[in-house]
Amino acid sequence: MKEWGHSMNFNLFITLSKNSLKQTLAYRTSSIIMFIVSVLFFVLQVLSSFVFYSYTDNIYGYTFNDSINLICTGLIITSLSYCFFIVGNESIYNEVLEGEMDYKFIRPINSYWFYTFYGIDLQNLITSIMYITLQIYLFIIQDVPILKIFLWFIMVLIGVWYVFLISRILVTIVFYTEKASAIQGITELLEDASSKPKDIYPKPIKYIFIFLISYFMVFNGPIDLLKGNINYIYLIGYIISTVFLTILSYVVWFISIKKYQSSN
């Protein structure tokens, strides 16, 4: 179990990614349906924004362009996080319940990073590319400066990692109870609540989701940067939270795998 010193081999990541892509293609009908559903959900959000902003130019400091950027950025963050990390998290859940992690633990690699970069989800890869392309188009027509785009990009990467961290901490609960699947829906609830302008919420809730669990900064932070309206206290809290959760998820992982029971 002492795998702290072994790194994740890039060639191994490529191999795992190829396998996960093959599995996705094997269930291509489901992937196509999920892709269509995600596109329809995006279209519904955009149409809702058109309706809302037909009556006003500003909602809690957000213009129509800000709202569309928020929707698109939120979908980029979630789809990229799912693209790179959901395969590993789902594998953890299934393999713990079936007691099939033995072979993974005897590998001379760090099991935390092995299950982090376990493969790529093709459906979310395609979805993220589509939303990134759309966001680039929005940047062009909105004439956004290069520096702001660069800062937005950094914030998106941090957000992608943050969504993974919360999911990884939650998925380790499966080492302690078989009913952990019910808890996994928490991330979807957090993403749905946090992908809206943070100022629509009462201050106590806003502060909880900024300083305790920084989900509001995951989705609102990149847009605040584009608007030139970033709160640096919130940003520092977000960075501290990200570093803390990274360390916590790593430590919790190695504590939790001691609870693993093999099917053999």
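Side chains of Gln135 and Ile140 form no contact here, defined as non-hydrogen atoms less than 4.5 Å apart. Side-chain contact check for Phe209 versus Met217: every heavy-atom pair is 4.5 Å or farther apart. For the pair Ile166/Tyr215, a side-chain contact is recorded, criterion being any heavy-atom separation below 4.5 Å from C-beta on. Annotation: side chain of Ser256 is in contact with side chain of Tyr176 (closest heavy-atom distance under 4.5 Å). Side chains of Asp57 and Phe64 form no contact here, defined as non-hydrogen atoms less than 4.5 Å apart. Between Phe175 and Val252 the shortest side-chain heavy-atom distance does not fall below 4.5 Å. Put simply, the side chain of Phe139 reaches to within 4.5 Å of the side chain of Trp152, judged on heavy atoms. Contact check for Leu138 versus Asn65: no side-chain heavy atoms found under the 4.5 Å cut-off.
Side-chain N/O atoms of Ser249 and Tyr112 include a donor and acceptor closer than 3.5 Å. With no hydrogens or angles considered, no side-chain donor-acceptor pair links Glu100 and Asn94 at under 3.5 Å. With 3.5 Å as the limit, one finds no donor-acceptor pair spanning the side chains of Asn124 and Thr127. With hydrogens and angles left out, the side-chain atoms of Tyr250 and Asn110 include a donor and acceptor closer than 3.5 Å. In this model, no donor atom of one side chain and acceptor atom of the other lie less than 3.5 Å apart for Thr172 and Trp253. Side chains of Thr242 and Trp161: no donor on one and acceptor on the other come within 3.5 Å. With 3.5 Å as the limit, one finds no donor-acceptor pair spanning the side chains of Ser214 and Tyr234. Counted by atom type alone, Glu95 and Tyr115 present one or more donor-acceptor pairs between their side chains at under 3.5 Å.
Annotation: the span from Lys148 atom NZ to Ile230 atom CD1 amounts to 11.5 Å, rounded to 0.5 Å. Interatomic distance, Met130 CE to Ile76 CD1, rounded to the nearest 0.5 Å: 10.0 Å. Atom CD1 of Ile146 and atom CZ of Phe153 lie 13.0 Å apart (nearest 0.5 Å). In this structure, Ile205 CD1 and Ile210 CD1 are separated by 12.0 Å, a value rounded to the nearest 0.5 Å. Atoms CG and CG, from Leu151 and Leu235 in turn, are 9.5 Å apart once rounded to the nearest 0.5 Å. In this structure, OG in Ser241 is found 11.5 Å from CD1 in Ile158, a value given to the nearest 0.5 Å.
Here the closest non-hydrogen pair linking Ser111 and Phe254 is OG-CE2, 3.9 Å. Scanning both residues, Ser79 and Tyr131, for their nearest heavy atoms gives OG-CD1, 4.4 Å. Of all the heavy atoms in Asp121 and Tyr82, the pair that sits closest is CB-O, 3.9 Å. When all heavy atoms of Tyr118 and Val87 are compared, the closest pair comes out as CD2-CG1, 3.8 Å. Nearest heavy-atom pair across Met155 and Pro222 is CB-CG, 3.7 Å. When all heavy atoms of Tyr62 and Ser67 are compared, the pair lying nearest together is CD2-N, 4.1 Å.
Under a hydrophobic-cluster definition in which Ile, Leu, Val, Met, Phe, Trp and Tyr are linked whenever side-chain heavy atoms come within less than 4.5 Å, directly or via other members, Ile240 and Leu157 are assigned to different clusters. Clustering ILVMFWY residues whenever any of their side-chain heavy atoms sit less than 4.5 angstrom apart, transitively, puts Phe216 in a cluster other than the one holding Ile236.
Between the side chain of Ser81 and the main chain of Ile77, no donor-acceptor pair closer than 3.5 Å is present. Distance alone, capped at 3.5 Å, places no donor-acceptor pair between the Ser128 side chain and the Leu80 backbone. Checking side-chain atoms of Tyr260 against main-chain N and O of Gly99 turns up a donor-acceptor pair under 3.5 Å. Although no hydrogens or angles enter the test, the distance criterion places no donor-acceptor pair under 3.5 Å between the side chain of Lys206 and the main chain of Tyr201. A donor-acceptor pair under 3.5 Å links the side-chain atoms of Asn220 to the main chain of Lys198, judged by distance alone. Not one N or O on the side chain of Thr73 forms a donor-acceptor pair closer than 3.5 Å with the backbone of Leu70.
Atom OH of Tyr137 sits in a sparse spot, with 12 or fewer heavy atoms from other residues, nucleotides or ligands closer than 6.0 Å. Atom CD1 of Ile141 is surrounded by more than 12 heavy atoms from other residues, nucleotides or ligands within 6.0 Å.
Aromatic ring centroids of Tyr162 and Tyr238 lie under 6.0 Å apart.
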Full working for side-chain contact (heavy atoms from CB on, under 4.5 Å) between Thr246 and Leu165: CA-CA 6 Å; Thr246 300; Leu165 291 174; 3.4 Å; yes
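Applying side-chain contact (heavy atoms from CB on, under 4.5 Å) to Asn69 and the options Val144, Leu226, Thr63 leaves one that passes, Leu226.
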